[in-house]
Amino acid sequence: MLTLDTLNGATAGAGALLSLLREGPPRTRTELVQLTGLARSTVSLRLDALLRHRWVLPADDVVSSGGRPAAMFAFNRTARLVLAADLGVMHERVAITDLGGTVLAERTADAPIDRGPEAALGRLVRTFTDLLDESGRDLADVCGAGIGLPGPVEYSTGRPVNPPLMPGWDRFPVPEWLGERLGVPVLVDNDVNIMALGEHRAGRQQTGQLVFVKIGTGIGCGVISDGRLHRGAQGAAGDIGHIRVATADDDVLCHCGNVGCLEALAGGAALAARIAATGVPATGGRDVVALLRAGNRDAAQLVRQAGREIGDVLATIVNFFNPAAIVIGGDLADAGEHLLAGVREAIYKRSLPLATQHLRIQGSELGDRAGVIGAAVMVLEHVLAPEAVDSALAG
Ligand SMILES: [Zn+2]
C-alpha cells in the first residue's frame, strides 16, 4: 500500500537534487545518476516530484549520445517569486525577484523610517502588492520575503534591537507583522549583512572569504566566511563603526558615548559636518561626494583621510580574518578611487604581506541594488535549502 510515509521517503533527497541543478547547468537523467551515485529509479522518483511541483522543467537543449537525444532538466527560476526590501534611514528600495535573484520589478522612494514600524511596513505591503499587480502575479506565487533594516537585528527572531536611528522599532515583531499580512515566511536582517550576501552571491565574487564594508551615515561590515554570512552569537558581528581609530584625537565624541570611533571620524555624517563647518552646506555622504566631484578640495582631502582611517581599522581585520576580497559600498563608495586609494594605503601599510598578497580591494559591483538582491538571496537560501524543499514536497 502506498502510504504518505512511503511517498515522503520517495521524495526525501529531492532537495539535494534540486541544489545540484540550481548550482549547475541543465543535466540529463544519466548525468544526475552519475553525479549523485544514486540508483536510476531513485533519481527518477525525485526528479518526478520536482517536475510535478515545477521546481524543475525539461530544458530545451537536448544532447545526442549517438542515438536518441536525451532530455535535459533545468532548475525553474520562474517557479516562484521572492519579495525583497532594503529599508534605509531615508530611502527604500523594494523589488520582486525570481528564484535566481534576478530583479523583475522594483521601486525606490524617499521614505523616512523614523515614523515607526507600522507606517513603514504598511507602506511596504502596499508596494509589494502594487509590484505584483504590475507584474501580473499575486501572493500565491511568492515563496518568501526578505527585509533589510538600517539597525541591529537579532537574526533568530528578526527583531530590531535598540536601533539608534529607528525610533519605535525596538523589539518590534517584524516577521510576524508582515507574515500575517503577506502569508509567506519573512526573514529580516540588518542592511549591511544583506548587502554582503548580495555582493557575494549575485556579484562576481569568486571567493568564500569576503568583507563588505558599507560607508553611509554610519559604518558597518558584513562578513562572509567559507561562503556563508557570519552573523555572530547575537547577530552583531561586523559592527566596526565603533572600533577606535589608533590615530584619532581624544576629542572626537561618538553618539555611542565613546571617543575616537571610526564612524565618528569617517562616516558620511561626520564628513558632512566637517564640510558644513567650513560654511559649505552638506548633510550627508552624498553631498560630500557631490562636492568632491565638483572639485571641492576640502571634500577630496576629507574623503582621502577617511579612506586611511577606514583602512587603518580594516588592516586589523585583514590580519585577523584574512579575506580574499574587501568590497566597499554605501553612499561614500561613490567617491571611487579618492576613497579606495586611502583604504589601500592604510591596509598595505599595516597588514602582513601574506594576508595582502592576493587581497582585492574594490568598489561594490551591485551598487544601490546590493541590498534588495541580498534580501532575496537570504530568502532563497532559506526556502531552497535541501531540507526545506524536501519538507515542502512532503507537505
Ligand atoms: Zn561609537
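Just follow the structure's listing: the first ligand is 1, and inside any ligand the first atom is 1.
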Could you check whether any side-chain heavy atom of Glu337 comes within less than 4.5 Å of a side-chain heavy atom of Arg344, counting everything from C-beta outward? yes
Just so I know, are the side chains of Leu339 and Ile215 near enough to count as touching, which here means a heavy-atom distance under 4.5 Å? yes
Everything protein-side that's N, O or S and under 2.8 Å from the Zn ion (ligand 1): list it, residue and atom. His242 ND1, Cys254 SG, Cys256 SG, Cys261 SG
Quick one: side chains of residues 79-104, donor-acceptor pairs under 3.5 Å with protein atoms, not counting sequence neighbours, listed by atom name and distance.
unit_1 : atom_1 : unit_2 : atom_2 : d
His91  : ND1    : Asp110 : OD1    : 2.7
Glu92  : OE1    : Arg123 : NH2    : 3.3
Arg93  : NE     : Asp368 : O      : 3.4
Arg93  : NH1    : Glu106 : OE1    : 2.8
Asp98  : OD1    : Gly100 : N      : 2.8
Asp98  : OD1    : Gly101 : N      : 3.1
Asp98  : OD1    : Thr102 : N      : 3.0
Thr102 : OG1    : Arg77  : NH2    : 2.7

Stepwise side-chain contact (heavy atoms from CB on, under 4.5 Å) test for Leu359 and Ile347: CA-CA 10 Å; Leu359 175 67; Ile347 289 179; 4.0 Å; yes
Is there a donor-acceptor contact under 3.5 Å linking the side chains of Gln305 and Arg308? yes
Just wondering, do Pro117 and Val174 contact through their side chains at under 4.5 Å, heavy atoms? no
